[in-house]
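A short worksheet on the structure shown next.
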Amino acid sequence: MIVTPSPQSLELAITILKKGDLIGLPTETVYGLAGDATNDLAVAKIFESKNRPSINPLIIHGSSQETLKNHVEWNTFAQLLADSFWPGPLTLVLPRKASSSISLLASCGLETLAVRIPNHPVALNLLSAITKPLAAPSANRSGRVSSTRAEHVEEDFPTLVILDGGDTTIGLESTILDLTTPHPTLLRPGGISREELEEVIGPISLPTTGGIKAPGMMKSHYAPSLPLRLNALEARTGEAFLGFGPTLAQSNLNLSVTGDLREAAVNLFKMLRLLDRKDFKGIAVAQIPTQGLGLALNDRLQRASAPRDI
Ligand code: TXA
Ligand code: MG
């Protein structure tokens with residue numbers, strides 16, 4: 001059920017969360033499937049309803065630096081980054097405090113926690129009203145395309161109460177930065193670009209390959225039902241074409257006619273969902289540059305096109 005944000009629906013959401021049940025939560029990146037991060041049962045329900053592998057930990061959302069500092073060991077990089085980008089699409093991985101009340105299941109037994117403050121009025125209102133951190137993975141069945149509007153969430157979770165926050169303004173998940181390594185390491189490119197981060201804290205490392213450090217970095221992810229073909233110049237017979245930038249090729253949809261990466265990020269998941277139709281046999285996607293938000297766009301497309309047998 002999609003509900004319009006109001007004092008009453010906020011109360012309803014709080015009641016549901018306090019009972020250990022889940023709600024659909026709008027953020028600026030993608031919609032989240034949110035539960036009380038301090039309640040083991042609620043966290044278990046998140047894994048269960050997403051059909052999510054239990055080795056893939058969840059991001060913990062708070063309304064303020066102060067509340068999150070109760071759960072993680074803070075450091076200078078964290079302070080600089082939080083002051084620059086929070087609330088916003090940046091998730092910081094930090095050592096978990098021994099005294100933290102966050103469910104161990106949420107972090108899959110890791111000694112670290114991934115934390116962020118989302119930049120969406122509905123999420124911020126709810127988080128400060130409930131005064132508990134919320135664990136919230138993207139509100140899609142595991143491995144599938146993330147949700148950028150309430151209706152997408154409802155398709156995957158028909159019985160869920162979903163707070164309607166309209167279309168998300170970023171459209172890609174948060175950037176995940178590991179601050180527990182000697183040099184800050186980019187675990188997942190996302191809504192804040194690597195270049196923006198480096199302006200604040202200097203050079204950051206890319207993860208060494210092998211091993212799943214951010215377990216969500218599974219190869220097949222964000223996948224529509226149809227196969228995806230990347231760096232395409234045009235559609236082949238039966239394919240839909242998802243264009244980028246000014247193009248002479250016939251495109252069914254275009255991520256951004258002007259070649260604006262921010263606009264393309266907002267459109268990516270929505271357009272993949274729109275083209276994922278039985279009357280096509282595949283989706284061909286135009287080449288997208290790799291600088292700025294292009295890094296995250298290419299990351300999502302590569303995973304969406306990876307073999308599905310994982
Ligand atoms: O924008 C977002 O981050 C959205 C919204 C809802 O906040 N959430 C999201 O969650 O994308 P999810 O569950 O789809 O992705 C969480 C990612 C996974 O790749 C997971 O492996 C990583 O965060 N992660 C969580 N805790 C971690 C930790 N302690 N260390 C390393 N990676 C972690
Ligand atoms: Mg996800």
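Keep in mind it's a predicted model, so treat the numbers as computed, not measured. In each ligand, atom 1 is the first atom listed, and ligand 1 is the first ligand listed.
Proximity annotation for atom 4 (C) of ligand 1: of Val30, Ile60, Leu172, Val30 comes nearest, heavy atoms only. Considering only non-hydrogen atoms, atom 27 (C) of ligand 1 lies nearest to Pro57 out of Ser146, Pro57, Ser138, Ala123.
Excluding waters, the count of protein N/O/S atoms less than 2.8 Å from the Mg ion (ligand 2) comes to 1.
Per-residue contacts place Asn56 under 4.0 angstrom from the following atoms of ligand 1 (heavy atoms of the residue considered): 18 (C), 20 (C), 21 (O). Of all atoms in ligand 1, listed by their number and element, those nearer than 4.0 Å to a heavy atom of Ser174 are 1 (O), 2 (C), 3 (O). Shown in contact with Leu187 at under 4.0 Å from a heavy atom are these atoms of ligand 1, numbered in order with element: 31 (C).
Residues that satisfy the ring-ring contact (aromatic ring centres under 6.0 Å, His included) test with Phe269, not counting sequence neighbours, are Tyr222. Residues satisfying the salt bridge (Lys or Arg N to Asp or Glu O under 4.0 Å) test with Glu154, not counting sequence neighbours, are none. The salt bridge (Lys or Arg N to Asp or Glu O under 4.0 Å) check on Lys270 picks up nothing, with sequence neighbours excluded.
Under a 4.0 Å N-O distance rule, the pair Glu155/Arg149 does not qualify as a salt bridge.
Remark: distances from the non-hydrogen atoms of Arg96 to ligand 1 are all 4.0 Å or more. Taking 4.0 Å as the cut-off, Ala136 counts as a neighbour of ligand 1 on heavy-atom distance.
Under 4.0 Å from ligand 1, heavy atoms of Thr112 appear from its side chain as well as its backbone. Neither the backbone nor the side chain of Leu25 comes within 4.0 Å of ligand 1, counting heavy atoms alone. The proximity of Ile176 to ligand 1, defined as any non-hydrogen pair under 4.0 Å, is limited to the side chain.
Here Glu263 contributes atom CD and Asn254 contributes atom CG; the two are 8.0 Å apart, rounded to the nearest 0.5 Å.
No side-chain heavy atom of Leu94 sits under 4.5 Å from any side-chain heavy atom of Thr112.
When only modelled atom types and interatomic distance are considered, Ser193 and Glu196 share a side-chain donor-acceptor pair under 3.5 Å.
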